Amino acid sequence: QVQLVESGGGLVQTGGSLRLSCVVSGRTFSTYGMGWFRQAPGKEREFAAAIGWNVRNVYYSDSVKGRFTIARDNANNTVYLQMNNLKPEDTAVYYCAATKHPFGVIGPRSINDFGSWGQGTQVTVSS
């Protein structure tokens with residue numbers, strides 16, 4: 001079992017940018033698939049982005065594609081989510097997630113695709 005700690009959330013104006021970080025404990029980070037989910041008040045947790053152990057395999061939800069970029073640094077056990085052109089509807093708690101299982105052909109989409117979670121970091125986008 002790994003532990004995940006997110007950071008980088010905050011308050012930003014519409015059109016602004018933030019970069020979230022997630023540091024993962026353990027020596028086998030490079031073998032994990034990683035993802036970012038988000039949960040707005042009163043809504044279910046939803047998929048935002050994911051990256052496989054092979055960094056060429058990246059996936060995005062339609063709502064963030066073209067604005068968000070996921071990346072990983074295996075040397076520092078860290079996965080990032082660069083968020084640009086932020087909108088008020090991006091306001092949510094953002095969660096980092098990890099899985100030992102390989103992604104399917106279409107990539108992960110569900111919270112059930114991941115077994116380990118961080119505690120979340122709040123992102124608020126003001127209009």
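Note that this is a predicted model, so its numbers are computed, not measured. FYI, the numbering just counts along the sequence from 1.
- Counting only distance, with no hydrogens or angles, the side chain of Thr78 and the backbone of Asn76 share a donor-acceptor pair below 3.5 Å.
- The minimum heavy-atom distance between Gly35 and Phe114, with the atom names listed, is N-CE2, 3.6 Å.
- At a threshold of 4.5 Å between side-chain heavy atoms, the hydrophobic network of Ile, Leu, Val, Met, Phe, Trp and Tyr places Met34 and Val93 in two separate groups.
- When all heavy atoms are compared, the tightest approach of Gly118 to Tyr95 is O-CD2, 3.6 Å.
- The closest side-chain donor-acceptor pair between Asn54 and Asn57, if any, does not fall under 3.5 angstrom.
- Expressed to the nearest 0.5 Å, how far CD of Glu46 lies from OG of Ser63 amounts to 5.0 Å.
- The heavy-atom pair separating Asp73 from Tyr80 by the smallest distance is CB-CE1, 4.0 Å.
- Under the 30°/60° scheme for interplanar angles, the aromatic rings of Phe68 and Tyr94 are found to be tilted.
- Here the side chain of Glu6 pairs a donor or acceptor atom with the backbone of Gly120 at under 3.5 angstrom.
- By the 4.0 Å N-to-carboxylate-O rule, Lys65 lies close enough to Asp62 to be salt-bridged with it.
- Within 6.0 Å of the CD atom in Glu89, the count of heavy atoms belonging to other residues, nucleotides or ligands exceeds 12.
- Note on residues 30-127: pairs passing disulfide (SG to SG under 2.5 Å), not counting sequence neighbours, are Cys22-Cys96.
- Among residues two or more places apart in sequence or in another chain, the salt bridge (charged side-chain N to carboxylate O under 4.0 Å, His left out) test is passed with Asp113 by none.
- Leu81 and Trp53 fall into different hydrophobic clusters, where Ile, Leu, Val, Met, Phe, Trp and Tyr are joined by side-chain heavy atoms under 4.5 Å apart, directly or via other members.
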Chi angles and distances behind the side chain to side chain contact (heavy atoms under 4.5 Å, CB included) call for Trp117, Leu4: CA-CA 6 Å; Trp117 294 85; Leu4 297 77; over 6 Å; no
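- A pairwise comparison of heavy atoms in Val64 and Arg38 identifies CG1-NH1, 3.9 Å as the closest pair.
- Between Pro88 and Thr14 the shortest side-chain heavy-atom distance falls below 4.5 Å.
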Candidate pair Leu20 and Met83, rule side chain to side chain contact (heavy atoms under 4.5 Å, CB included), full reasoning: CA-CA 8 Å; Leu20 306 183; Met83 305 185 296; 3.8 Å; yes
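- Side-chain atoms of Asn77 come within 3.5 Å of backbone atoms of Val24 as a donor-acceptor pair (strictly under, hydrogens ignored).
- Around CD of Gln122, the count of heavy atoms belonging to other residues, nucleotides or ligands within 6.0 Å exceeds 12.
- In the hydrophobic clustering of this structure, Trp36 groups with Val55; members are Ile, Leu, Val, Met, Phe, Trp, Tyr whose side-chain heavy atoms approach within less than 4.5 Å, directly or through other members.
- The backbone N or O of Thr91 sits nowhere less than 3.5 Å from a side-chain atom of Thr124 that would complete a donor-acceptor pair.
- Both Val79 and Val58 sit in one connected hydrophobic cluster of ILVMFWY residues. Membership requires side-chain heavy atoms under 4.5 Å apart, directly or through other members.
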Audit row: Lys100, Tyr32, side chain to side chain contact (heavy atoms under 4.5 Å, CB included) steps and yes/no: CA-CA 5 Å; Lys100 285 290 287 183; Tyr32 279 79; 3.1 Å; yes
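- Applying the salt bridge (charged side-chain N to carboxylate O under 4.0 Å, His left out) test to Arg109 and every residue at least two apart in sequence or in another chain returns nothing.
- The heavy-atom pair separating Leu86 from Arg67 by the smallest distance is CA-NH1, 3.9 Å.
- Contact of the Gln82 side chain with the Ser17 side chain is registered, since non-hydrogen atoms from C-beta on lie closer than 4.5 Å.
- Minimum interatomic distance between Asn74 and Arg72 (heavy atoms only, all atoms of both residues): OD1-NE, 2.8 Å.
- You'll find the ring centres of Tyr59 and Phe47 outside the 6.0 Å limit.
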Steps toward side chain to side chain contact (heavy atoms under 4.5 Å, CB included) verdict (Val123, Leu18): CA-CA 9 Å; Val123 171; Leu18 284 174; 3.9 Å; yes
